[in-house]
Amino acid sequence: MFNSSYKVLFSVNYQWRLLLTLFLTCFLIFPAAAERVFRIGMESSYHPFAYKNDEGEFAGFEFELSEAICKLLQAKCQWVEYEFDDLIPAIRNGKIDMAMSSISITESRKSLVSFSKKYYFSTVRLMVSNDINLESDDFSELKGKKIGVINDTTADLYAKEVLAKKGVRVINYETQMEILMDVLTNHIHGTLGDAIPLEIHFLAKPYGSDYHFVGPVLDDPAYFGEGIGVAVKKGNVTLVNELNSAIQELRKNGTYQKIQGKYFENDIYGH
């Protein structure tokens with residue numbers, strides 16, 4: 001027979017065992033929530049926005065901004081490399097959650113994906129060798145000249161709808177790096193593209209001294225959209241709202257400006 005003290009001890013031990021069993025059962029049935037992961041598509045040869053450094057790792061303004069967004073939204077970034085024209089199909093097919101790769105917010109793209117508000121704005125310019133000059137802004141003097149553009153960009157659309165009608169030979173490429181290599185080796189006469197990377201990564205370098213911008217600054221929203229936004233799966237309003245709040249907060253707390261200052265001398269956000 002147990003005396004009263006043993007009975008109390010037995011009862012207490014039993015209760016602790018029971019509580020421990022219930023705790024372990026709940027832990028097994030309801031495991032800790034999985035870490036949130038954003039699969040982010042990027043094209044990696046668009047210096048200084050997104051590119052690979054000497055160690056083969058992503059770097060650039062968009063890379064660092066995406067890191068800051070993930071941190072603010074308490075998520076882990078997982079970057080996935082794509083050619084530019086494969087980014088929107090990858091979103092639509094569910095292979096990535098978003099694309100942050102200098103994608104202009106245009107009406108035609110809005111029919112395929114949803115966008116955050118802009119996180120920067122850039123105009124488009126025509127860059128050619130110094131021996132080519134334009135007396136007018138209608139590009140008719142470029143008849144017969146070969147101009148490179150990246151596939152499925154706003155520059156591509158404008159080149160095909162405007163320049164090609166002036167007799168310009170529009171040559172399509174997968175990346176800006178391929179275009180610039182052909183410019184330097186005189187395979188093409190120039191390129192139509194985002195003015196910021198062309199000015200910083202090419203014209204400001206010694207090898208860019210033989211080239212210049214010609215013609216007007218191109219910023220017609222009908223062709224070039226409302227700015228650069230983060231593209232997500234069509235209809236994902238929750239994620240769009242989260243991204244908008246994150247971009248706004250990063251500009252408010254100075255993180256955006258700190259990242260921007262590493263790559264640009266001026267504010268690229270626009271009005």
Side-chain angles (χ1 to χ4, degrees), residues 42-52 60 62 81-89 99 101-109 120-225 228 268:
M42 284 187 174
E43 195 271 306
S44 66
S45 63
Y46 207 58
H47 198 288
F49 291 98
Y51 59 94
K52 292 289 187 69
E62 288 177 304
E81 187 174 1
Y82 280 94
E83 300 292 353
F84 184 86
D85 55 343
D86 291 329
L87 287 166
I88 287 179
S101 195
S102 295
I103 303 176
S104 298
I105 306 167
T106 64
E107 291 303 317
S108 61
R109 287 174 180 156
Y120 87 86
F121 184 86
S122 182
T123 55
V124 171
R125 297 295 306 271
L126 177 64
M127 186 194 79
V128 295
S129 57
N130 288 342
D131 61 335
I132 298 175
N133 286 289
L134 301 182
E135 298 297 329
S136 64
D137 288 344
D138 68 355
F139 301 111
S140 58
E141 296 156 280
L142 294 176
K143 183 177 181 179
K145 297 291 190 292
K146 292 184 286 186
I147 300 298
V149 294
I150 300 175
N151 286 331
D152 292 335
T153 59
T154 54
D156 183 17
L157 173 66
Y158 185 87
K160 288 174 179 174
E161 292 194 2
V162 178
L163 298 188
K165 292 178 181 178
K166 302 292 184 179
V168 174
R169 297 174 61 187
V170 179
I171 312 297
N172 284 86
Y173 291 82
E174 293 290 341
T175 70
Q176 189 72 58
M177 188 64 68
E178 293 174 300
I179 292 176
L180 295 178
M181 289 300 294
D182 273 6
V183 167
L184 287 171
T185 53
N186 298 316
H187 286 92
I188 58 176
H189 298 93
T191 180
L192 185 72
D194 189 332
I196 294 175
L198 286 176
E199 185 168 14
I200 294 175
H201 190 53
F202 192 81
L203 292 178
K205 305 294 184 180
Y207 47 74
S209 61
D210 293 330
Y211 303 86
H212 65 156
F213 286 137
V214 294
V217 172
L218 301 174
D219 57 5
D220 184 349
Y223 289 103
F224 305 106
I228 306 298
I268 65 169

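The figures here come from the full heavy-atom set of this structure, side chains too, leaving out hydrogens, waters and symmetry mates.
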Side chain to side chain contact (heavy atoms under 4.5 Å, CB included) between Met177 and His201, worked out: CA-CA 10 Å; Met177 188 64 68; His201 190 53; 4.2 Å; yes
Phe202 and Thr191: CA distance, side-chain angles, deciding distance, side chain to side chain contact (heavy atoms under 4.5 Å, CB included) verdict: CA-CA 11 Å; Phe202 192 81; Thr191 180; over 6 Å; no
Stepwise side chain to side chain contact (heavy atoms under 4.5 Å, CB included) check, Lys145 with Leu163: CA-CA 10 Å; Lys145 297 291 190 292; Leu163 298 188; over 6 Å; no
Ser136 vs Glu141, side chain to side chain contact (heavy atoms under 4.5 Å, CB included): CA-CA, chis, key distance, verdict: CA-CA 8 Å; Ser136 64; Glu141 296 156 280; 3.5 Å; yes
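Between the CG atom of Asn151 and the CG atom of Asn172 there is a distance of 4.5 Å, given to the nearest 0.5 Å. Between the CZ atom of Arg109 and the CG atom of Leu87 there is a distance of 9.5 Å, given to the nearest 0.5 Å. Atoms OG and OH, on Ser101 and Tyr46 in that order, are 9.0 Å from each other to the nearest 0.5 Å. Rounding to the nearest 0.5 angstrom, the gap separating the CD atom in Glu161 from the CG atom in Asp156 is 10.0 Å. Ser129 OG to Tyr211 OH: the interatomic distance, rounded to the nearest 0.5 Å, is 6.5 Å. With rounding to the nearest 0.5 angstrom, the CD1 atom of Ile228 is 7.5 Å from the CD atom of Glu62.
Looking only at side-chain heavy atoms (C-beta outward), Pro216 and Phe139 come within less than 4.5 Å of each other. The closest side-chain heavy-atom distance from Glu199 to Phe213 is below 4.5 Å. Using a 4.5 Å heavy-atom cutoff, the side chains of Lys166 and Leu142 are not in contact.
Nearest heavy-atom pair across Ala159 and Val149 is CB-CG1, 3.9 Å. Contact detail for Val162 and Tyr223: the closest heavy-atom pair is CG2-OH, 3.7 Å. Counting all heavy atoms, side chain and backbone alike, Thr154 lies closest to Ser104 at CG2-CB, 3.6 Å. Nearest heavy atom pair, residue Ala99 against residue Ile103, reads CB-CD1, 3.7 Å. In terms of heavy-atom proximity, Leu184 sits nearest to Tyr207 at CD2-O, 3.6 Å. A pairwise comparison of heavy atoms in Phe121 and Asp219 identifies CZ-CB, 4.5 Å as the closest pair.
No more than 12 heavy atoms of other residues, nucleotides or ligands lie within 6.0 Å of CZ in Arg169, so this atom counts as exposed by the packing criterion.
Listed by chain and residue number, Phe49 satisfy the ring-ring contact (aromatic ring centres under 6.0 Å, His included) test with Tyr120 (two or more places apart in sequence, or in another chain).
Among the candidates Leu192, Leu126, Leu180, Ile179, the single residue satisfying the side-chain contact (heavy atoms from CB on, under 4.5 Å) test with Leu198 is Leu180. Evaluated for a side-chain contact (heavy atoms from CB on, under 4.5 Å) with Val128, the options Ile188, Ile147, Asn133 yield exactly one hit, Ile147. Exactly one of Asn130, Leu134, Ile132 qualifies for a side-chain contact (heavy atoms from CB on, under 4.5 Å) with Val214. That residue is Leu134.
A donor-acceptor contact closer than 3.5 angstrom is absent between the side chains of Tyr158 and Asp220. Side-chain polar atoms of Ser108 and Thr106 form a donor-acceptor pair below 3.5 angstrom. For the residue pair Thr175/Glu43, the side-chain donor-acceptor check at 3.5 Å is not satisfied.
The pair Lys52-Glu81 counts as a salt bridge, with a side-chain nitrogen and a carboxylate oxygen less than 4.0 angstrom apart.
Looking at Arg125, its side chain does come within 3.5 Å of a backbone N or O of Gly215 through a donor-acceptor pair.
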